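Worksheet for the structure shown next.
Just so you know, these numbers come straight off a predicted model, no measurement behind them. Hydrogens, waters and symmetry mates are skipped; everything else that's a heavy atom, side chains included, is used.
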Amino acid sequence: MTTGRTSAAPRPTAGALRLVEASTTRPTSVDISGYARQMTAHCPYLAPSLQRGLTTWTVYRPDGDAEAVQAELFHAGIQAAEWLRPLLNRPHGLLRCENIVLLGEVTGARHRDLLAWPHWTLKHLYGPVGVMFGKFYAGEEEVTAAGHRIPAAPASFLPVRAAVRRRDPRFLAATPDLAAALAAGDDDGRDVFENIPTDWTEIRAWARHLLPPRRQSPSSPATSANPPRSSS
């Protein structure tokens with residue numbers, strides 16, 4: 001697992017996220033219960049997960065600039081994924097979901113800007129070992145591919161859960177290679193950082209090379225923008 005290695009890596013951005021609430025099924029810093037109940041209509045696994053107390057929320061507030069907060073969201077995602085990995089093959093493991101919640105603001109950066117690169121990077125790192133990352137932005141109503149409206153989230157968050165191989169690849173139409181890796185993925189206990197750096201600046205440069213070809217044109221402003229929006 002990567003936890004020891006990443007915690008040993010230099011982290012000049014440590015402290016840019018302040019922990020508000022450690023992993024809990026009922027956060028008090030944000031009212032998430034009504035939203036979670038509404039979302040059970042869109043996710044068949046959520047209701048049994050809530051009933052068993054397997055959906056948890058870890059809440060943070062930013063305390064740094066945008067670059068540092070991105071880096072720390074990335075590390076928070078690693079912690080969540082590595083905590084989940086050994087649990088996914090246990091009873092009801094597929095119902096576990098840890099959500100990384102971001103409250104508060106960073107000057108000059110929207111939550112969309114803060115979450116996009118960590119989400120893009122984490123889903124490419126962990127999809128091949130069967131861990132799925134999503135993203136939701138506070139106040140933004142989503143529409144599914146089938147045209148169904150998803151209620152607006154009360155806070156921005158990154159959900160981290162077991163991949164559902166027969167279902168999740170359809171959310172990754174913009175990244176067919178990742179969709180194929182996730183569909184065939186199996187957690188063999190590998191270190192997902194074995195062949196890539198752990199420094200955020202370097203790993204974001206690595207992730208930039210995973211952007212779809214049309215986003216990599218030097219003449220396109222999208223080269224320095226956020227990753228393409230997806231429904232996951």
Rounded to the nearest 0.5 Å, what's the gap from [atom1] on [X] to [atom2] on [Y]? Could you check?
X	Y	atom1	atom2	answer
Gln79	Thr58	CD	OG1	9.0 Å
Thr201	Glu67	OG1	CD	5.0 Å
Leu46	Thr40	CG	OG1	6.0 Å
Leu95	Leu87	CG	CG	12.5 Å
Tyr137	Arg112	OH	CZ	4.5 Å
Ser29	Tyr60	OG	OH	12.0 Å

Donor-acceptor check, side chain of [X] to backbone of [Y], threshold 3.5 angstrom: yes or no?
X	Y	result
Glu98	Leu84	no
Ser156	Ala138	yes
Asn99	Thr56	yes

Parallel, tilted or perpendicular: ring planes of His124 versus Trp120, cut at 30 and 60 degrees: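 Answer is tilted, since the angle falls between 30° and 60°.
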Whether Tyr126 and Phe133 hold their rings parallel, tilted or perpendicular, with breakpoints at 30° and 60°: tilted
Restricting to non-hydrogen atoms, name the atom on [X] and the atom on [Y] that form the minimum distance, rounded to 0.1 Å.
X	Y	result
Leu94	Ala162	CD2-CB, 3.6 Å
Phe136	Leu115	O-CD2, 4.1 Å
Leu122	Leu73	CD1-O, 4.4 Å
Glu21	Leu19	O-CD1, 3.4 Å
Ile203	Phe74	CD1-CZ, 3.4 Å
Glu202	Pro197	OE1-CB, 3.1 Å

Is there a side-chain contact between [X] and [Y], using heavy atoms and a 4.5 Å cut-off?
X	Y	answer
Leu158	Leu102	no
Leu114	Pro62	no
Trp206	Leu125	yes
Trp200	Thr121	yes
Met39	Pro151	yes
Pro128	Arg190	yes
Val101	Ile32	no
Pro48	His92	no

Side chain to side chain contact (heavy atoms under 4.5 Å, CB included) assessment of Val69 paired with Glu72: CA-CA 5 Å; Val69 170; Glu72 289 306 299; 5.9 Å; no
Lys135/Glu140 ion pair, N-O < 4.0 Å: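 Glu140 and Lys135: not salt-bridged.
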Arg85/Asp187 ion pair, N-O < 4.0 Å: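 Salt bridge between Arg85 and Asp187, a charged N being under 4.0 Å from a carboxylate O: yes.
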Asp65, CG: over 12 other non-hydrogen atoms inside 6.0 angstrom: yes
Derivation and outcome, side chain to side chain contact (heavy atoms under 4.5 Å, CB included), residues Phe193 and Ile78: CA-CA 11 Å; Phe193 287 93; Ile78 294 171; 3.4 Å; yes
